[in-house]
Amino acid sequence: MRAVVGLGSNLQQPERQLRQALDALRAIAEEGVVKASSLYRSPPMGPQDQPDYINAVAVIETVLEPLELLDQLQQIEQQQGRERKRHWGERTLDLDLLLYGDQSIDHPRLQVPHPGITERSFVLLPMQEVLGDMQEIPGQGELGQWVERCNCDEIERVVE
Ligand code: ROI
């Protein structure tokens with residue numbers, strides 16, 4: 001199955017955190033990371049007294065079931081010493097399962113598509129880069145429509 005994972009960090013050298021997490025994703029996915037977006041920098045959504053975030057999106061090919069994949073993602077977060085200081089606060093590494101094939105999943109531990117996708121420019125723009133405007137977000141229409149509607153002024157691509 002093709003799964004789309006969102007990555008975010010604003011502590012402990014965020015760019016390094018994301019590169020390390022991409023390596024870990026390569027290791028768990030059968031075909032590795034099929035495609036990774038550029039890195040993007042944006043101001044925090046939530047409390048403003050925290051550092052800017054670095055975000056990216058990765059597409060992986062996996063035989064893991066959604067909850068198994070979620071376990072693996074949480075394990076990677078833990079391995080990278082996930083610190084989460086407060087609700088909507090700074091964190092070392094956040095991995096979100098954004099899409100799993102074209103499935104809609106409503107489970108106490110997991111909602112897919114991730115409910116934040118459509119209102120978060122830091123998810124929409126990297127998704128658009130790797131999946132294109134025509135990508136369907138199950139139950140929500142096409143990705144391109146949401147990108148048009150989003151406030152994408154404050155997010156910038158990290159030049160490497
Ligand atoms: N804000 C930005 N810009 N990027 C994130 O990844 C992010 N993640 C979060 C909250 C705290 C909501 N804010 C964020 O979990």
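What you see is a predicted model; the values in this text were computed from it and never measured. Both ligands and their constituent atoms are indexed starting at 1 by order of listing.
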Engineer: Decide yes or no for Val147 and Leu125: does some side-chain heavy atom of the first lie under 4.5 Å from some side-chain heavy atom of the second?
Structural biologist: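 Side chain of Val147 against side chain of Leu125, heavy atoms only: contact under 4.5 Å found.
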
Engineer: Atoms of ligand 1 less than 4.0 Å from Ser42 heavy atoms?
Structural biologist: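 Listed by number with element: 2 (C), 3 (N).
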
Engineer: Identify the two heavy atoms, one from Ser104 and one from Pro138, that lie closest to each other, and give their separation to 0.1 Å.
Structural biologist: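 Smallest heavy-atom distance, with atoms named: OG-CB, 3.6 Å.
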
Engineer: Out of all atoms in ligand 1, which are within 4.0 Å of some heavy atom of Pro43? Include the element for each.
Structural biologist: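 That gives atoms 2 (C), 3 (N) of ligand 1.
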
Engineer: State, to 0.1 Å, how close Tyr100 and Leu64 come at their nearest heavy-atom pair, and which atoms those are.
Structural biologist: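 Nearest pair, atom of Tyr100 first, then Leu64: OH-O, 2.7 Å.
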
Engineer: Which ligand 1 atoms, with their elements, are less than 4.0 angstrom from a heavy-atom of Pro44?
Structural biologist: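 Atoms satisfying the 4.0 Å criterion: 1 (N), 3 (N).
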
Engineer: Distance to 0.1 Å, residue and atom name: give those for the protein heavy atom nearest to atom 15 (O) of ligand 1.
Structural biologist: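 Residue, atom and distance for the closest contact: Arg91 NH1, 3.1 Å.
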
Engineer: What residue and atom, counting heavy atoms only, is the protein's closest point to atom 8 (N) of ligand 1, and at what distance?
Structural biologist: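 Result for atom 8 (N) of ligand 1: Tyr53 CE2, 3.8 Å.
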
Engineer: Please test Thr92 against Gln17 for side chain to side chain contact (heavy atoms under 4.5 Å, CB included), starting from the C-alpha separation and ending with a verdict.
Structural biologist: CA-CA 7 Å; Thr92 318; Gln17 295 294 338; 3.5 Å; yes

Engineer: Provide the number and element of each atom of ligand 1 under 4.0 Å from a heavy atom of Asp94.
Structural biologist: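 Counting from 1, the qualifying ligand atoms are 15 (O).
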
Engineer: Please list, in number order, the atoms of ligand 1 under 4.0 Å from a heavy atom of Trp88.
Structural biologist: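 Answer for ligand 1: 11 (C), 12 (C).
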
Engineer: Could you check whether Arg19 and Gln13, counting side-chain N and O atoms only, form a donor-acceptor pair closer than 3.5 Å?
Structural biologist: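 Per modelled atom types, Gln13 and Arg19 side chains form no pair under 3.5 Å.
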
Engineer: Counting heavy atoms only, which part of Asn10 comes closer than 4.0 Å to ligand 1: side chain, backbone, both or neither?
Structural biologist: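 For Asn10, no heavy atom sits under 4.0 Å from ligand 1.
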
Engineer: Quick one: nearest non-hydrogen protein atom to atom 4 (N) of ligand 1, plus distance?
Structural biologist: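 Its nearest protein heavy-atom neighbour is Asn55 OD1, 3.0 Å.
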
Engineer: Got Gln103 and Val112 here, is their nearest side-chain heavy-atom distance under 4.5 Å?
Structural biologist: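 Gln103 vs Val112: side chains apart.
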
Engineer: Without hydrogens or angle criteria, can the side chains of Tyr40 and Glu129 be said to hold a donor-acceptor pair below 3.5 Å?
Structural biologist: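 A donor-acceptor contact under 3.5 Å links the two side chains.
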
Engineer: May I ask you to identify the nearest protein heavy atom to atom 12 (C) of ligand 1, giving residue, atom name and distance to one decimal place in Å?
Structural biologist: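 Checking every protein heavy atom, the shortest distance to atom 12 (C) of ligand 1 gives Met45 O, 3.6 Å.
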
